[in-house]
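To start, the structure itself, in C-alpha cells.
None of the values given here were measured: they were computed from a predicted structure.
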Amino acid sequence: PQNCAEAVKWFEKSASLGYAQAQCNLGACYYNGNGVAKNHTEAEKWFKLAAAQGNETAKKNLSVMNGGSDGSFLEEVGENVVSNLLSGLL
C-alpha cells in the first residue's frame with residue numbers, strides 16, 4: 001500500500017460513526033501495524049465493535065486473536081483492506 005496512514009485516517013472517521021466494515025478494517029490495521037503502531041488491544045476493541053453489529057469478518061478476526069487459527073487470514077485481510085481503500089481514493 002502506498003499510504004497506510006491515509007487509509008487509517010478514513011477508517012477512523014467511518015469507524016467512529018459506527019460503520020462496522022470500517023471498524024473491522026481499522027482493527028486489521030492495528031493488528032498488523034498498517035499505518036499505525038501494532039496494537040492488539042486496540043485491534044480487539046474495533047473487532048468487538050464490528051462483531052457486535054454482525055460483521056462476520058470481525059468475528060473471524062476475534063477468533064484468530066483467541067487462538068482460532070494461525071493468523072494468516074487476518075494478515076491477508078489487513079493487507080487487502082488498505083490496498084482496496086487506497087485504490088478507491090487514488
Measuring from Asn3:CG to Trp10:CH2, what's the distance to the nearest 0.5 Å? 12.0 Å
Nearest 0.5 Å, please: how far is SG in Cys29 from NZ in Lys38? 12.5 Å
What I'd like to find out is whether the side chain of Leu26 reaches to under 4.5 Å of the side chain of Val8, using heavy atoms alone. yes
Classify the side-chain pair Gln21/Asn55 by whether it contains a donor and acceptor separated by less than 3.5 Å. yes
What about the rings of Tyr31 and His40, do their centers lie closer together than 6.0 Å? yes
Nearest 0.5 Å, what's the CG-CE distance between Asn61 and Met65? 8.5 Å
Restricting to salt bridge (charged side-chain N to carboxylate O under 4.0 Å, His left out), what partner residues turn up for Lys45, sequence neighbours left out? Glu42
Results of side-chain hydrogen bond (donor to acceptor under 3.5 Å, both in side chains) for Lys59 - residues two or more places apart only: Glu56
Under a 3.5 Å distance rule, please check whether Asn39 uses its side chain to pair with a backbone N or O of Thr41 as donor and acceptor. yes
Qualifying residues under salt bridge (charged side-chain N to carboxylate O under 4.0 Å, His left out), relative to Glu12, sequence neighbours excluded: none
Got a sec, which residues hit side-chain contact (heavy atoms from CB on, under 4.5 Å) with Ser16, two or more places apart in sequence or on another chain? none
Would you compute the distance between atom CZ of Phe11 and atom SG of Cys24 and round it to the nearest 0.5 angstrom? 9.5 Å
Locate the shortest heavy-atom distance separating Ala58 from Ala51; write the atom from each residue and the value. CB-N, 3.6 Å
Smallest separation among heavy atoms of Ala20 and Ala50, with atom names: O-CB, 3.3 Å
Linked, directly or transitively: Tyr19 and Trp46 (ILVMFWY side chains, under 4.5 Å): no
Tell me, please, which residues at least two apart from Lys13 pass salt bridge (charged side-chain N to carboxylate O under 4.0 Å, His left out). none
Is there a side-chain contact between Leu62 and Lys48 (heavy atoms, below 4.5 Å)? yes
